Amino acid sequence: MAKPPPPSNKTSVPSPVAVVDNLKQPQAGDLKPLNFKVDPAFHREFKTYAATHGISMLELLREGFDLVKQNRGKI
């Protein structure tokens, strides 16, 4: 079995860690990815519906979520 190296006489000082500003609220215009998979038929129908009605898929998702919250109640 190999011998472990002897301890060094130097004391190691950890390098400074960057402080992450994780308590800061995101700006109103900032967007964060929402990543989930749907089957191709649903994606095609969702995208076609949005395009036919001249809205983005994001607008359609937000509007649908607003309707769900109205019908089921907020969190």
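Residue numbers count from 1 along this sequence. Reckoned from all heavy atoms, side chains included, excluding hydrogens, waters and symmetry mates. Bear in mind the structure is a predicted one, so any value in this text is a computation, not a measurement.
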Validation row: [X], [Y] side chains within 4.5 angstrom (heavy atoms):
| X | Y | answer |
| --- | --- | --- |
| Tyr49 | Leu60 | yes |
| Glu45 | Thr48 | no |
| His43 | Met57 | yes |

Should [X] and [Y] be regarded as members of a common hydrophobic cluster, given that ILVMFWY residues are connected when their side-chain heavy atoms come within less than 4.5 Å of each other, either directly or indirectly?
| X | Y | value |
| --- | --- | --- |
| Val38 | Phe46 | yes |
| Leu61 | Val68 | no |
| Ile55 | Phe42 | yes |

NZ of Lys69: more than 12 outside heavy atoms within 6.0 angstrom?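 Counting neighbours around NZ of Lys69, more than 12 heavy atoms of other residues, nucleotides or ligands fall under 6.0 Å, so yes.
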Donor-acceptor under 3.5 Å (Glu59 side chain, Ser56 main chain):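 Side chain of Glu59 to backbone of Ser56: a pair is present.
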Rounded distance [0.5 Å steps], CZ in Arg44 versus CG in Asp39: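 Here the rounded value is 9.0 Å.
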